**Student:** 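Here it is: the structure, laid out below.
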Amino acid sequence: MTVMKKSNGRTMKLHCSFCGKSQDEVKKLIAGPMVYICDECIELCNEIIQEEAKRERFEYIKTSIPKPMRSEKYSTSM
C-alpha cells in the first residue's frame, strides 16, 4: 500500500481526484502534479474520447459523400 506522508508526519491514503476512490479501491492510481487518477476514470475517459471520435468520423463521412443528382431524364412525371 502506498501512502503519502504529510509535512506534519501523518500519513494519508491517496484518492482519485476525479471519483474519490481510495488507492485500496482501485487497481492503479496514477499521480500527476498534485492530482491522482485511477484506472477506472481513465477507462471512462477513453470511452468518452472514442465515442466522440466515432461521431466526428460519421459527420465527416456524412458531409463528404456527394448526394445523388436528380435527373429530369429519369423523372416519373410526364
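What you see is a predicted model, and the numbers here were worked out from it, not measured in a lab. All residue numbers refer to positions in the sequence shown, counting from 1.
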**Student:** Quick check for you: to the nearest 0.5 Å, what is the distance between E25 atom CD and C38 atom SG?
**Tutor:**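 Nearest 0.5 Å value for the CD-SG distance: 9.5 Å.
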**Student:** How many angstroms lie between atom CD1 of I48 and atom CD of E52, to the nearest 0.5 angstrom?
**Tutor:**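 One gets 9.5 Å once the value is rounded to the nearest 0.5 Å.
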**Student:** Which heavy atom in D39 sits nearest to a heavy atom in K27, and how many Å separate them?
**Tutor:**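 The pair with the smallest heavy-atom distance is OD1-N, 3.2 Å.
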**Student:** Using atom types as modelled and distance alone, determine if a side-chain donor or acceptor of S17 lies under 3.5 Å from a backbone N or O of Y36.
**Tutor:**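 Yes, because the side chain of S17 sits within donor-acceptor range (under 3.5 Å) of the backbone of Y36.
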**Student:** Linking I/L/V/M/F/W/Y whenever any side-chain heavy atoms sit under 4.5 Å apart, do V26 and I30 land together?
**Tutor:**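 Different clusters: V26 never reaches I30 through Ile, Leu, Val, Met, Phe, Trp or Tyr contacts under 4.5 Å.
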**Student:** Are the side chains of I37 and L29 in touch, meaning some heavy atoms are under 4.5 Å apart?
**Tutor:**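 Sidechains of L29 and I37: no contact.
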**Student:** Do K21 and E40 have side-chain heavy atoms sitting under 4.5 Å apart?
**Tutor:**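 A side-chain contact exists here, since the closest heavy-atom pair is under 4.5 Å.
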**Student:** Give a yes or no on whether E47 atom CD has more than 12 heavy-atom contacts from other residues, nucleotides or ligands under 6.0 Å away.
**Tutor:**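 Counting neighbours around CD of E47, more than 12 heavy atoms of other residues, nucleotides or ligands fall under 6.0 Å, so yes.
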**Student:** At what distance, to the nearest 0.5 angstrom, does SG of C16 lie from CG of L14?
**Tutor:**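 The SG atom of C16 sits 11.0 Å away from the CG atom of L14.
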**Student:** List the residues meeting side chain to side chain contact (heavy atoms under 4.5 Å, CB included) with E51, not counting sequence neighbours, and say none if there are none.
**Tutor:**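 Counting only residues at least two positions away or on another chain, E51 forms a side chain to side chain contact (heavy atoms under 4.5 Å, CB included) with K54, R55.
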